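Please read the structure below before turning to the comments.
Residue numbers start from 1 in every chain, and the chains themselves are labelled A, B, ... in the order their sequence lines are given, proteins ahead of strands. Everything numeric in this text was worked out from a predicted model, so none of it was measured.
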There are 2 protein chains.
Amino acid sequence: MTAESEEEKTLSDRASTRLTHAIITGELAQGQKLSEAELATRFGISRGPLREAIRRLEGMRLVKRIPHAGARVVTLNKTMMAELYRVREALEGMACRLAAEQMSTTEQARLFELLDEHESQIEAAEGREYLQNEGDFDFHYHIALGSRNQMLIDLLAGEMYQLLRMCRYKTGTMHKRPQLALNQHRQITEAIANRDGDLAELLMRRHISGAWKTISQDMDDYS
Amino acid sequence: MTAESEEEKTLSDRASTRLTHAIITGELAQGQKLSEAELATRFGISRGPLREAIRRLEGMRLVKRIPHAGARVVTLNKTMMAELYRVREALEGMACRLAAEQMSTTEQARLFELLDEHESQIEAAEGREYLQNEGDFDFHYHIALGSRNQMLIDLLAGEMYQLLRMCRYKTGTMHKRPQLALNQHRQITEAIANRDGDLAELLMRRHISGAWKTISQDMDDYS
DNA sequence: TGCCCATCGATTGTCGACAATATGGAGAAA
DNA sequence: TTTCTCCATATTGTCGACAATCGATGGGCA
């Protein structure tokens with residue numbers, strides 16, 4: 001998923017990825033309490049490793065823990081999603097700038113390939129929105145990688161994107177206008193190919209803040 | 001320290017703050033291995049809570065853990081510090097923009113007070129550079145608070161600033177020209193007071209990237 | 001009837017012991 | 001002498017049991 005698939009060695013690590021997956025997919029609902037005993041038996045492990053896994057998810061902001069009262073899956077209300085999108089705007093903006101400066105030409109070529117794949121998916125798959133979403137993540141993930149900034153990559157891939165997946169699952173919202181997103185992706189890629197860091201950052205920030213505006217409005221409409 | 005002084009309740013929490021402090025002050029040297037048994041006896045607790053504390057520090061990027069091989073204090077080489085300053089530039093730039101938009105007037109007044117205190121400290125205390133450093137952190141911390149974005153605040157106060165303190169301890173470097181930093185702080189505060197988010201972000205980003213250039217050169221000179 | 005307090009149950013926090021794995025050194029072969 | 005292998009040892013990972021704390025339920029009192 002996040003390309004760290006090198007066989008988890010310790011029970012605690014396995015449990016944390018499994019928990020992460022359960023939270024992202026909504027198998028563990030938002031706000032739901034994480035019972036240590038139940039999860040431990042469900043995973044077939046002891047409470048020790050499970051607790052460590054929960055501590056890790058706490059660091060990823062996927063769960064919120066209260067001493068002596070247990071851990072609950074974080075609930076993504078609108079303000080928190082707004083905060084997330086702001087942080088993401090800052091981080092991905094910077095990632096995009098750095099990627100424009102440092103991406104290799106082969107990486108750039110891969111980006112263009114991604115765009116083409118994404119386009120054909122949009123045409124072909126009516127309704128198969130899941131693919132479009134993963135395509136979107138792929139694009140942003142490759143740009144993060146292109147920044148060559150490991151801390152940035154970890155922050156984005158390890159925390160932000162997980163929370164984003166939760167958002168998408170919760171709101172059930174994909175890009176309403178995938179064509180628009182694709183065009184913006186194209187512009188961004190062009191800027192990167194031209195090594196124009198300023199423009200790349202600007203476009204990425206607009207892309208993200210624009211996406212938030214759309215999602216935000218949708219949420220208002222449904223409430 | 002980071003204003004979360006509300007009496008740690010669990011041994012694990014206490015251990016993690018104590019470990020954090022030990023790492024920041026260099027009591028635990030960079031690259032040093034964290035022996036669970038030794039630390040547990042030193043803190044007078046069992047290995048269980050200690051392991052959870054280490055997992056938490058791992059999430060804060062203060063230690064790096066390798067399965068079956070233990071955890072070591074992270075070593076801040078130059079590339080990692082460069083990465084840190086880039087991320088910080090992005091996050092604090094955004095924080096400054098949001099602060100310009102959302103800070104209350106009383107918070108702004110407090111910022112101006114901080115500037116005055118900082119100035120008098122510079123004049124009075126030759127060599128007492130520690131105060132200047134903490135003053136610097138105070139300034140940036142208040143701006144983070146002003147952003148009203150909890151995720152941003154957590155990222156900055158909970159992770160970035162700890163790593164920054166490690167940097168400063170390691171390089172032993174304070175601002176060589178505190179007057180310059182103070183002037184930049186003034187400009188930033190002015191922009192915030194004028195509710196000029198664009199300018200505030202721009203100035204903050206220059207302030208941070210400029211600081212990195214200075215530190216980076218200093219490191220070259222000494223090597 | 002309504003509120004307060006005590007007690008009980010359930011859950012989290014902590015501990016010590018055991019199992020699994022990596023590190024380092026001694027010894028043998030090339 | 002060097003290098004490879006194997007083993008001993010120390011360290012990490014895991015477990016089950018015990019202690020501490022919280023929340024709820026029910027009884028007593030105003």
Checklist entry - To the nearest angstrom, how far is A:Arg72 atom CZ from D:dG23 atom P? => result 11 Å
Checklist entry - Reading nucleotides 12-21 of chain D from the 5' end, what letters show protein touch, with B for base, S for backbone sugar-phosphate only, - for no heavy atom under 4.0 Å? => result BBBBBB---S
Next on the checklist: Run the side-chain contact (heavy atoms from CB on, under 4.5 Å) test against A:Ala193 and tell me which residues pass, sequence neighbours left out.
Outcome noted: A:Gln108, A:Phe112
Next on the checklist: Test: side-chain hydrogen bond (donor to acceptor under 3.5 Å, both in side chains). Region: residues 142-151 of chain A. Which pairs qualify, not counting sequence neighbours?
Outcome noted: A:Glu107-A:Arg148, A:Gln150-A:Asp154
Checklist entry - Excluding sequence neighbours, so at least two apart, what forms side-chain contact (heavy atoms from CB on, under 4.5 Å) with A:Ala15? => result A:Phe43, A:Ile45, A:Ala53
Checklist outcome for this item: Across all chains, not counting sequence neighbours, the salt bridge (charged side-chain N to carboxylate O under 4.0 Å, His left out) partners of A:Arg55 are A:Glu58, B:Asp13, B:Glu52
Item to check | Non-neighbouring partners of B:Glu83 that pass salt bridge (charged side-chain N to carboxylate O under 4.0 Å, His left out), sequence neighbours left out | outcome: none
